[in-house]
Amino acid sequence: MTPFLPRYPLRPHYFLPALLFSLHGAVRADESAMPMVSVSASKQAQLLNRVPASVTVLDDESLRAAGARGLEDVGKLTPGLSFQPFGQAGVLSPVMRGMTANFFSFSSATLLLNDGVPVLMAQGFDDNLLGIDRIEVLRGPQGTLYGRNAEAGVINIYSSIPGNVPRSSVEVEAGSRKRRALRADLGRALVADRLYASISGEKRRQDGFIPNRHTGRKEDGRDSENLKLALRWTPDALTDAIVRYRHFSYDDGAALWAAPTAARATVQSGTPSWNHMRGSSVSLDVARQLAHGIKLRAITARSDVFDKAQQDTDFRPADLLHIARDHHFRTTSQEVRLEGRLGTAQWLAGLYGDRDEHDLLNEQKLPMGLSRSAAKLGGNSTAAFTHWNVPLGGAWSLNGGARYERDKVRYSTPAGLRQDSAWSRLTPKLAVQYQAAPALLLYASASEGFRAGGYNVFAPSSRYTAFSPETVRALELGAKGWLAGKRLRYAAALYRMQVDDMQVQQMPSPGLVYLTNAASARSTGAEAELDYLLGGGWQLQAALALNRTRFGRFRDGANTYDGRHNPFAPDRSGQVALRYDADSGWHAQAALSGTGAIFLDAANRYRRNGYGLLNLNAGYRTGAWDVSAYVSNLANRRYDAVGYQNGIVSVVSPPREAGLRLRWSR
């Protein structure tokens, strides 16, 4: 019996190939096999072991076992995925396979889809992981099916769908620095076989750890609320419609920022620092079974994010330097697609459109005075796409598709400055797969990615006002399958990506951030993953990701950055976790995750050193109750990003935390 085994596999973990053989003899014949897993990576239901791409799947049980509470934790569990150190809750800039984007570009290189609602920028790029069914992380360019912000990959979050089977859970947590949290998740049928509803919510607070020696307070307290609602209607056997609403808010203290020249993790700020971010989204997801086996799917979504923050950047009693933002981001999107079969081929075709309207206000305090800059940034995308899965006979299959997309960006200021640009792009993808054996899939793929250009809204020099689109051409070779009687699941991939007009962020000083284009860059890497049922209640997961992303030719004014590391992209990262579940209800897990050093600027002058974190948890499950204790960062490792904002700021790493969780579910 292995209670730790979820409905979806715990496959975020990678390890060395030799481990496949050294552990082969440790399995007992009476242990369960790994389950078959269905994913929607190609926007159609497909078995995971038949998808010719790098996909990591994390379900609710595996995330809970790892203590994951947000997308930063998902990054620790997923090879090739991390996030820039920024220190403000609710603002995450993803880094995937060496590709990244600054939060001031208002466009990410990795797309987040939350039940079909696109999150296209760092602001609001997070989720509390409550009431979800699974997360699918697709690595490599996914522009053919997902569009302009999917050039590095896609993070797909799927919430639990309410139905006839009720679900209920309540969890309380108490931990270090007066950490307290209350979470609840409830799903029920209001009218059997017709109408269903679900609600999940969370309230979380924690005191800060950065002392302000001027005021005597701790500056970085955290206070967040999350709410998710869903109403599902199935009027007949052919129609399924779901309305979803999501709301989140942060009422925090300062970001995890301090001066590199001061005593570590201390400030003397006389200027109040705070983060008041709020956001909401509403969506309608309708599926309809048509004649001749054709399925229709339409997703309409609207999201609003309010990013209001103020941050001291001199960290002294006098108000010499600070930055502030008051932004409102609005995005509306619509996707309609059809899928079906033509002979033995499976096909999908669709249309997509979105519209952005952003009101931006930036404030910067300098010793000589206070300046405020306002602007409007908007745009829209329209696209048509198709994807096909065609058996070629025998063990061979062909997967391919293309997307034609047109993107427009508009920029205006109260002073009357107006600019607009538009780009069109055809983004193809082709993959050949070979079922070498029932338990072994080999594949090779070629794909392209595209990220639209834009405007540096608050850059003072017209030389940096506009930046060009970024394009990616990628090749990938992969293998995935089972060993040891389907008790061991593995996947491995090699990739190479050529990037043209790479968008690179520059941060000369706090509040001054702009993007410019490197002429070229290259990302090469390898990933491997393993999930192994060892027997006797033991389960091992491991992860390893290697990446090398370097600029080719890169000139920015008088500066030359040829051959330098792309900022925020680690050369290596990985994790290994060992889990034990006893038939009597006891369970324990130890997880070690680590990442190599990253550079914080294009010149590679400032860096965050590599680090490893050891997390432990143990508990007891009986009936509907589960009580557990945890320790995060057991060794109290420090991994500050020293020199952020061109040497002005250190983003301070959080200390060791411990706590207790009590959960009731049925």
Side-chain angles (χ1 to χ4, degrees), residues 8-20 37 39 41 48-49 51-59 62-63 66 68 71-84 92 94-100 109-112 134-142 150-156 441 443 445 474-481 488-497 523-532 539-549 566 568-578 591-598 610-613 615:
Y8 296 87
L10 299 170
R11 353 177 22 243
H13 313 289
Y14 297 58
F15 211 56
L16 298 176
L19 191 61
L20 299 176
V37 178
V39 297
L48 177 62
N49 61 301
V51 178
S54 296
V55 185
T56 293
V57 182
L58 301 165
D59 83 332
S62 61
L63 291 166
L71 289 186
E72 281 192 286
D73 296 321
V74 172
K76 294 182 177 68
L77 301 173
T78 305
L81 173 64
S82 59
F83 294 91
Q84 293 183 21
L92 290 178
V95 184
M96 186 175 288
R97 288 188 171 180
M99 302 289 293
T100 187
T110 299
L111 175 65
L112 172 63
R134 70 190 188 279
I135 296 177
E136 297 178 9
V137 183
L138 289 70
R139 295 182 296 280
Q142 307 296 329
E151 61 167 358
V154 176
I155 303 173
N156 249 320
L441 174 73
Y443 68 89
S445 68
L475 297 174
E476 181 173 330
L477 301 175
K480 56 178 65 176
L488 186 153
R489 188 193 307 273
Y490 69 92
L494 301 172
Y495 61 87
R496 179 172 180 172
M497 301 193 297
S523 171
T524 58
E527 299 162 349
E529 64 182 339
L530 175 150
D531 191 357
Y532 193 19
Q539 185 170 353
L540 174 74
Q541 304 100 24
L544 180 65
L546 304 175
N547 175 267
R548 186 181 189 276
T549 302
N566 190 30
F568 306 109
D571 282 355
R572 59 191 179 275
S573 61
Q575 184 197 25
V576 60
L578 185 64
L592 177 64
S593 63
T595 185
I598 62 171
Y611 63 92
L613 301 178
N615 298 332

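Side-chain atoms are counted along with the backbone in the values below, which use heavy atoms only and exclude waters and symmetry mates. All values reported here derive from a predicted model rather than from experimental measurement.
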How close do [X] and [Y] get, counting heavy atoms only, and between which atoms?
X: V95; Y: F568; answer: CG1-O, 3.6 Å
X: P94; Y: T110; answer: CG-CB, 3.8 Å
X: V55; Y: A41; answer: CG2-CB, 4.2 Å
X: G98; Y: A569; answer: CA-CB, 3.7 Å
X: P570; Y: G596; answer: CB-O, 4.0 Å

Enter the distance from [X]:[atom1] to [Y]:[atom2] here, rounded to the nearest 0.5 Å.
X: L111; Y: E151; atom1: CG; atom2: CD; value: 11.0 Å
X: L138; Y: S54; atom1: CG; atom2: OG; value: 9.0 Å
X: N566; Y: M99; atom1: CG; atom2: CE; value: 7.5 Å
X: S573; Y: L81; atom1: OG; atom2: CG; value: 9.0 Å
X: E527; Y: L546; atom1: CD; atom2: CG; value: 9.0 Å
X: E529; Y: Q575; atom1: CD; atom2: CD; value: 12.0 Å

Residues forming a side-chain contact (heavy atoms from CB on, under 4.5 Å) with [X], sequence neighbours excluded:
X: N615; value: S632
X: L477; value: A444
X: L592; value: V576, L614
X: L112; value: L71, V119, F125, I155, I157

*Trace of the side chain to side chain contact (heavy atoms under 4.5 Å, CB included) decision for S523 with Y495*: CA-CA 8 Å; S523 171; Y495 61 87; 3.8 Å; yes
*Evaluation steps, side chain to side chain contact (heavy atoms under 4.5 Å, CB included), between T595 and Y611*: CA-CA 6 Å; T595 185; Y611 63 92; 3.2 Å; yes
*Could I get the full list of side chain to side chain donor-acceptor pair (under 3.5 Å) partners for Q84, not counting sequence neighbours?*
T100
*D571: what forms a side chain to side chain donor-acceptor pair (under 3.5 Å) with it, not counting sequence neighbours?*
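For D571, the residues satisfying side chain to side chain donor-acceptor pair (under 3.5 Å) (neighbours in sequence not counted) are R550.
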*Might you work through the side chain to side chain contact (heavy atoms under 4.5 Å, CB included) test for T78 and M96, ending with a clear yes or no?*
CA-CA 10 Å; T78 305; M96 186 175 288; 5.9 Å; no
*Between N156 and E136, is there a donor-acceptor pair closer than 3.5 Å when you use the side chain of the first and the backbone of the second?*
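Looks like no, no N/O pair under 3.5 Å.
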*Check for a donor-acceptor pair, side chain of K480 on one end and backbone N or O of V51 on the other, with a separation under 3.5 Å.*
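Indeed, once roles are kept as given, a pair shorter than 3.5 Å links the two residues.
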*Flag the pair R139 and E476 as a salt bridge only when some basic side-chain nitrogen lies within less than 4.0 angstrom of an acidic carboxylate oxygen.*
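Judged by the 4.0 Å cut-off on N to carboxylate O distance, R139 and E476 do not form a salt bridge.
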_Side-chain heavy atoms of L540 within contact of L488, under 4.5 Å_ =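 Result no, sub-4.5 Å side-chain heavy-atom pair not found.
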*Does the side chain to side chain contact (heavy atoms under 4.5 Å, CB included) test come out yes or no for I135 and T56, once each step is laid out?*
CA-CA 8 Å; I135 296 177; T56 293; over 6 Å; no
